[in-house]
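Each remark here refers to the structure printed beneath this line.
Every heavy atom of this structure was used, including side-chain atoms; hydrogens, water molecules and symmetry mates were not. In this chain, numbering begins with 1 at the start of the sequence shown.
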Amino acid sequence: MNNIRTKNCILFCRVSSREQEETGYSLTAQESYLQSYANRNRLNVVKVFNISESASGRKARVEFNQMLSYVNKENINVIVCEKVDRLTRNQKDAVTVDEWVKEDSFHEVHFVKNSFILNNESKASDKFVWNIHVSQAQFNIENLSEEVKKGQKEKISEGWYPSQAPVGYRSGLDGKKKVIALDPETAPLVESVLNEYASGIHSVMSICRYAKKIGLRNLKGNFIAKTSMHRLLQNPFYYGMFRWNGETYVGNHPPIIDKSTFDKIQKHLVRKTPIRYNKINALYRGILHCKECNRLITWESHKGHLYGYCKGCRGKKGVKEPEVKKP
């Protein structure tokens with residue numbers, strides 16, 4: 001192959017969070033390994049892409065697209081990664097890599113531990129190995145997904161929520177089994193918020209202010225916003241149930257409130273008449289009427305004094321509350 005151009009390259013490193021925790025194989029170690037390979041092969045490293053991905057792989061997909069955009073924009077010739085499953089784990093991404101390789105005879109992908117280079121002149125045997133590794137990577141991801149779902153179903157059958165519990169709870173161990181228990185710090189605060197809203201004197205916004213006042217925060221340590229509070233108030237988890245994939249199950253976790261309190265909360269959430277707050281406590285509020293048009297007198301506060309007005313008789317001066325008291 002004619003190597004007239006300078007071979008600029010990028011390093012593409014990826015580890016899953018689980019792998020990093022269990023084996024201690026960090027992104028730093030992988031980057032160092034690939035850097036050594038680049039030095040031995042006289043490749044000029046322009047940029048390093050590092051991904052520490054979650055089980056969903058969403059971040060990996062975003063980073064993968066950013067990497068391809070970068071190599072196209074900066075005219076990078078070589079992508080260096082450890083193994084095939086570090087670069088791509090599905091057929092869609094594999095096709096994208098194939099297309100990039102075929103665009104230019106100088107484009108190459110170096111798979112260091114797989115000991116082969118994918119380029120426009122790759123032998124059929126190398127392409128066959130590439131396809132096998134892509135299929136194996138996709139199988140591993142799909143198999144992991146099946147195992148996760150199997151584990152979730154098992155937990156649900158035992159009465160345990162198969163994900164992170166909401167604020168007010170924490171994970172604990174019962175022997176070797178992971179269970180959900182009350183959080184001694186936040187559970188009383190959640191109970192106070194739920195009972196306060198069940199009283200019927202709050203809107204969702206005012207209960208957010210109440211939660212902030214007593215110091216209740218979400219799992220990330222932030223005060224609870226209106227949308228999150230609405231979800232909290234609708235969550236059956238707090239009376240001993242939990243929802244999963246559209247179904248409701250009986251949980252083994254300890255409840256914070258009873259079912260009747262939860263039902264009161266739901267009733268207040270769907271009420272059509274909004275709560276009205278009386279900011280002015282005038283002595284004759286709702287009693288006095290205008291002698292000319294018989295409309296109810298409206299009371300307003302100005303500079304610490306209460307004035308009564310008839311909104312039907314425009315232009316008329318208001319009367320101070322002490323003046324009304326005079327015989």
Side-chain angles (χ1 to χ4, degrees), residues 9-34 37 48-72 78-103 107-158 160-164 178 244-247:
C9 77
I10 62 100
L11 307 183
F12 192 81
C13 310
R14 170 159 66 179
V15 295
S16 66
S17 298
R18 180 177 300 175
E19 180 183 7
Q20 197 168 6
E21 291 172 0
E22 293 180 357
T23 67
Y25 187 59
S26 66
L27 286 169
T28 304
Q30 191 174 147
E31 181 181 336
S32 177
Y33 176 73
L34 296 181
Y37 173 86
V48 179
F49 287 84
N50 288 323
I51 306 174
S52 179
E53 64 180 15
S54 63
S56 66
R58 292 177 183 175
K59 183 178 179 181
R61 181 65 188 175
V62 172
E63 290 283 349
F64 178 81
N65 289 335
Q66 289 177 349
M67 180 271 293
L68 283 180
S69 176
Y70 180 84
V71 298
N72 287 324
V78 181
I79 299 171
V80 180
C81 58
E82 186 193 43
K83 296 185 293 185
V84 171
D85 64 358
R86 302 302 177 189
L87 179 64
T88 175
R89 297 182 177 182
N90 57 71
Q91 295 291 344
K92 184 177 180 181
D93 289 350
V95 170
T96 305
V97 172
D98 277 332
E99 291 175 348
W100 179 79
V101 167
K102 292 176 182 177
E103 284 175 0
H107 285 177
E108 299 177 349
V109 184
H110 293 223
F111 300 105
V112 181
K113 282 195 174 179
N114 295 129
S115 300
F116 82 95
I117 298 173
L118 183 69
N119 56 37
N120 204 24
E121 297 180 2
S122 293
K123 296 179 181 179
S125 58
D126 286 337
K127 292 181 179 179
F128 179 67
V129 171
W130 156 251
N131 289 327
I132 288 177
H133 283 299
V134 171
S135 299
Q136 182 65 42
Q138 184 168 356
F139 168 77
N140 291 338
I141 293 297
E142 292 175 352
N143 185 62
L144 177 61
S145 177
E146 289 179 5
E147 292 299 316
V148 169
K149 290 177 181 178
K150 188 187 299 182
Q152 289 172 345
K153 287 181 179 179
E154 185 176 349
K155 289 196 72 174
I156 290 171
S157 67
E158 295 174 354
W160 296 109
Y161 186 59
S163 187
Q164 186 176 34
K178 192 175 181 180
W244 188 259
N245 289 337
E247 300 290 335

Practice item. Kindly determine whether Val48 and Ile10 satisfy side chain to side chain contact (heavy atoms under 4.5 Å, CB included), including the steps that lead there. Key: CA-CA 6 Å; Val48 179; Ile10 62 100; over 6 Å; no
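- Within the 4.5 Å cutoff, the side chain of Glu103 has heavy atoms near those of the Asn72 side chain.
- Heavy atoms only, all atoms of each residue included: Leu87 and Val109 are closest at CD2-CG1, 3.8 Å.
- The line from CD1 of Ile79 to CG of Leu34 is 12.5 Å long, rounded to the nearest 0.5 Å.
- Listed by chain and residue number, nothing satisfies the salt bridge (charged side-chain N to carboxylate O under 4.0 Å, His left out) test with Lys123 (two or more places apart in sequence, or in another chain).
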Review point. Checking side chain to side chain contact (heavy atoms under 4.5 Å, CB included) for the pair Met67/Phe49: CA distance, chi angles, key distance, verdict?
Key: CA-CA 7 Å; Met67 180 271 293; Phe49 287 84; 3.9 Å; yes
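- In this structure, Phe64 CZ and Arg14 CZ are separated by 8.5 Å, a value rounded to the nearest 0.5 Å.
- Closest heavy-atom contact between Asn114 and Val84: OD1-N, 2.9 Å.
- Shortest non-hydrogen contact noted between Gln30 and Cys13 is OE1-CA, 3.4 Å.
- Ring planes of Tyr37 and His110: perpendicular class, angle over 60° (limits at 30 and 60°).
- A distance of 6.0 Å or more separates the ring centres of Trp130 and Phe116.
- At a threshold of 4.5 Å between non-hydrogen side-chain atoms, the residues Phe111 and Ile117 do not count as touching.
- The existence of a salt bridge linking Glu146 and Lys149 is excluded, since no basic side-chain nitrogen approaches an acidic carboxylate oxygen closer than 4.0 Å.
- Other residues, nucleotides and ligands place more than 12 heavy atoms under 6.0 Å from the CD atom of Glu147.
- The distance from atom CH2 of Trp100 to atom CG of Asn120, rounded to the nearest 0.5 Å, is 11.0 Å.
- Distance check, rounded to the nearest 0.5 Å: CD of Gln152 to OG of Ser157 gives 12.0 Å.
- The 12-atom threshold is exceeded at OH of Tyr70, counting heavy atoms of other residues, nucleotides or ligands nearer than 6.0 Å.
- Judged as a ring pair (Phe, Tyr, Trp, His ring centres under 6.0 Å), and not counting sequence neighbours, Trp160 has no contacts.
- Here the closest heavy-atom approach between residue Glu31 and residue Leu11 is recorded as O-CD1, 4.1 Å.
- Residue Ile51 holds its CD1 atom at 9.0 Å from CG of Leu27, rounded to the nearest 0.5 Å.
- Looking only at distances, no side-chain donor or acceptor of Ser32 sits under 3.5 Å from a matching main-chain atom of Ala29.
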Point to revise | Derivation and outcome, side chain to side chain contact (heavy atoms under 4.5 Å, CB included), residues Phe12 and Val80 | key: CA-CA 6 Å; Phe12 192 81; Val80 180; over 6 Å; no
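- Here the closest heavy-atom approach between residue Tyr33 and residue Lys113 is recorded as OH-CG, 3.4 Å.
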